[in-house]
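In what follows, residues are counted from 1 in the order of the sequence shown. Everything quoted here is computed from the prediction, not taken from an experiment.
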Amino acid sequence: MAARSGEKEPPDPVRQNQLLCERVRKELQCQRLHTQYDVNPLHRVHTITKKPMSWHDNIEEPADDKFLNLIHHAALEPTKKYAEPQTESQEIGWNTTPLIHVDRTDRRLYFPRQRTEITK
């Protein structure tokens, strides 16, 4: 009778347990437990200065060498991080060494700024 009048019957405890077990099984399939956290080496890290008068910030702690190396590596420019350019934009300015050595005594290839009567 309850189905005809538009009301749903309350599920019995066995059906509720089945629904709960199915939901838990689906949630466990999609969950992964992450226990190891690292800094993203592709983004720069912005540090926040400490408060000078707080006692808990002034406690000396041993430095973690692996973490410091990771931070310093993340702050390097791309030419020092990678052997080859990673994007098309990096290919444009990747090789910055000049093709020929600049000889400052040779006037054919070296044009320094000169002072004239007008620029003085």
J.: Test side chain to side chain contact (heavy atoms under 4.5 Å, CB included) on D38 and Q36 and set out the steps.
T.: CA-CA 7 Å; D38 272 337; Q36 183 178 3; 4.3 Å; yes

J.: Is it true that D64 and K66 have a side-chain N and a carboxylate O under 4.0 angstrom from each other?
T.: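 No, this pair does not count.
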
J.: Nearest 0.5 angstrom please: T105 OG1 to D103 CG, how far?
T.: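 One gets 3.5 Å once the value is rounded to the nearest 0.5 Å.
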
J.: I need the minimum non-hydrogen distance between Y110 and V102, along with the two atoms involved.
T.: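 Heavy atoms only, the tightest pair is CD1-CG1, 4.4 Å.
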
J.: How close do R107 and Q114 get, heavy atom to heavy atom, and via which atoms?
T.: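 Closest heavy-atom pair between R107 and Q114: NH2-NE2, 4.1 Å.
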
J.: Compare every heavy atom of E91 with every heavy atom of P85, then report the nearest pair and how far apart it is.
T.: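 In terms of heavy atoms, the two residues are closest at CG-CG, 3.6 Å.
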
J.: Please evaluate residues K26 and E22 with respect to the criterion salt bridge (Lys or Arg N to Asp or Glu O under 4.0 Å), reporting the C-alpha separation (whole Å), side-chain torsions for both, the decisive distance (0.1 Å), and the verdict.
T.: CA-CA 6 Å; K26 286 182 178 181; E22 181 182 357; 3.4 Å; yes

J.: Would you give the length of the straight line joining atom CG of L70 to atom NE2 of H72, rounded to the nearest 0.5 angstrom?
T.: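 Reported value, rounded in 0.5 Å steps: 10.5 Å.
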
J.: So with a 6.0 Å cut-off around OH of Y82, is the heavy-atom count from everything else above 12?
T.: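 Yes, because the 6.0 Å sphere around OH of Y82 holds more than 12 heavy atoms from other groups.
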
J.: Please confirm whether the backbone N or O of E84 pairs with a side-chain atom of Q86, one donor and one acceptor, at under 3.5 Å?
T.: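 Answer holds: yes.
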
J.: Nearest 0.5 angstrom please: H101 NE2 to D106 CG, how far?
T.: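 Going from NE2 on H101 over to CG on D106, the span is 10.5 Å.
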
J.: Let me confirm one number: the NZ-CG distance from K81 to L42, rounded to the nearest 0.5 Å.
T.: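 One gets 6.0 Å once the value is rounded to the nearest 0.5 Å.
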
